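Chain naming here is simple, since letters A, B, ... match the order of the sequence lines and numbering starts at 1 in each. From a predicted model like this one, the values you see are computed outputs, not experimental measurements.
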There are 2 protein chains.
Amino acid sequence: MPEFLADCRARQGLDLLAPTWNGVLLWALRDGPCRPYTLRRRVGGISPKVLTETLRRLEAHGLVARRRYREAPPRVEYELTPLGRTLLAPLKAVGDWAAEHGDAVAAAREGADGGPG
Amino acid sequence: MPEFLADCRARQGLDLLAPTWNGVLLWALRDGPCRPYTLRRRVGGISPKVLTETLRRLEAHGLVARRRYREAPPRVEYELTPLGRTLLAPLKAVGDWAAEHGDAVAAAREGADGGPG
DNA sequence: CAGAATCCTTTACGATACTG
DNA sequence: CAGTATCGTAAAGGATTCTG
């Protein structure tokens with residue numbers, strides 16, 4: 001393990017945000033608890049398998065909590081943990097950057113390979 | 001393309017930071033132009049193929065510029081573009097988050113699967 | 001509805017060897 | 001030293017099907 005990687009602490013946070021759906025799901029949960037079905041509709045285009053995988057991963061990292069209500073019928077909800085909530089700040093920082101510089105990157109891409117792809 | 005993904009603008013920035021070496025290389029270039037060989041030693045553990053791939057990708061996105069000096073012997077240097085420089089802020093935001101909450105995530109992981117892995 | 005199981009494609013990344 | 005070429009691995013992600 002090269003020392004530089006350790007010095008560049010960002011990797012530890014990036015590993016959490018890199019998987020496509022991690023950030024999206026974190027963001028989708030920012031306003032409070034949400035049921036899987038609602039989550040699926042909200043983010044759109046995510047398969048049940050990937051949804052479960054991602055949620056499990058987030059749970060294992062202590063960013064999301066799973067709550068099971070023993071009602072009739074049984075209900076499941078996911079919500080951000082206090083730790084997961086702290087990740088919203090850097091996530092927003094990246095989002096704000098994209099909002100401001102996204103066009104410039106897209107323009108550079110077009111110039112580079114002749115199209116947005 | 002689900003509209004939520006577009007709403008969650010962070011993805012556009014995350015796509016730039018997600019590949020393992022993107023952020024590391026951007027960070028390694030923060031102090032100024034650097035030659036490939038120096039870059040390799042600085043980040044450590046990156047193969048020539050991956051270094052080139054990553055640099056080309058960064059270049060295609062307008063984040064890094066390649067300069068070739070026609071000296072004897074020819075010299076090549078890479079440096080951040082003004083656009084690439086703006087990405088350092090959100091990258092640092094993620095790094096700062098990791099520095100502060102990294103331990104909590106590691107602890108959650110241990111609790112989840114019995115070991116740091 | 002929640003989510004597990006199976007199959008398949010893509011791609012980041014690594015190790016090596018080679019060329020200018 | 002800069003960069004390319006080839007081969008191989010692992011993991012993310014997508015589609016579909018099935019069960020409680």
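- Rounded to an integer number of Å, the gap from Trp21(A) CH2 to dG14(D) C1' is 10 Å.
- Scored by the side chain to side chain contact (heavy atoms under 4.5 Å, CB included) test, Arg56(A) finds Thr52(A), Glu59(A), Arg66(A), Tyr78(A) as partners (sequence neighbours excluded).
- Residue Arg35(B) has its side chain nearest to dA2(D) when only dA2(D), dA15(D), dA2(C) are considered.
- Evaluation of the side chain to side chain contact (heavy atoms under 4.5 Å, CB included) rule for Ala104(A) yields Leu83(B) as partners, not counting sequence neighbours.
- Five base pairs at each end of the helix from dC1(C)-dG20(D) to dG20(C)-dC1(D) define two local axes, and these are offset by 30° (rounded to 10°).
- Residues passing the side chain to side chain contact (heavy atoms under 4.5 Å, CB included) test with Tyr37(B) are Arg41(B), sequence neighbours excluded.
- Rounded to a whole Å, the CD1 atom of Ile46(B) is 13 Å from the C1' atom of dG3(D).
- Residues passing the side-chain hydrogen bond (donor to acceptor under 3.5 Å, both in side chains) test with Asp96(B) are Lys92(B), sequence neighbours excluded.
- Leu25(A) places its CG atom 15 Å from the P atom of dA12(D), with the value rounded to the nearest Å.
- When the side-chain nitrogen and oxygen atoms of Thr20(A) are compared with OP1 and OP2 of dG13(D), one or more of them lie within a distance under 4.0 Å.
- Computed from coordinates, the Glu71(B) CD to dA2(D) P distance equals 12 Å when rounded to whole Å.
- For His61(A), the side-chain hydrogen bond (donor to acceptor under 3.5 Å, both in side chains) test picks out Arg109(B), with sequence neighbours left out.
- Every residue meeting the side chain to side chain contact (heavy atoms under 4.5 Å, CB included) condition with Ala65(A), not counting sequence neighbours, appears here in chain and number order: Glu79(A), Thr81(A).
- As judged by a 4.0 angstrom heavy-atom cut-off over every strand, Arg57(A) is placed among residues touching the sugar-phosphate backbone only.
- Taking atom CD of residue Glu53(A) and atom P of nucleotide dC7(C), one finds them 15 Å apart after rounding to whole Å.
- In this structure, Cys34(A) and Arg42(A) have side chains that are in contact, with non-hydrogen atoms separated by less than 4.5 Å.
- In this structure, Tyr69(B) atom OH and dA2(D) atom C1' are separated by 15 Å, rounded to whole Å.
- One interatomic measurement links the two molecules: CG of Leu51(A) to C1' of dA15(D), which rounds to 15 Å at whole-angstrom precision.
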Find every protein N or O atom lying less than 3.5 Å from an N or O atom of nucleotides 3-6 of chain C, and list the pairs.
unit_1: dG3(C); atom_1: OP1; unit_2: Arg66(A); atom_2: NE; d: 2.8
unit_1: dG3(C); atom_1: OP1; unit_2: Arg66(A); atom_2: NH2; d: 2.1
unit_1: dG3(C); atom_1: OP2; unit_2: Tyr78(A); atom_2: OH; d: 3.0
unit_1: dA4(C); atom_1: OP1; unit_2: Arg56(A); atom_2: NH2; d: 3.1

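- In this structure, Asn22(B) atom CG and dT11(C) atom P are separated by 15 Å, rounded to whole Å.
- In terms of phosphate contacts, Arg75(A) brings no side-chain nitrogen or oxygen within less than 4.0 Å of OP1 or OP2 of dA2(C).
- Between Val43(B) and the options Leu25(B), Leu51(B), Thr54(B), a side-chain contact (heavy atoms from CB on, under 4.5 Å) holds for only Leu25(B).
- Residues meeting the salt bridge (charged side-chain N to carboxylate O under 4.0 Å, His left out) test with Glu53(B), sequence neighbours left out: Lys49(B).
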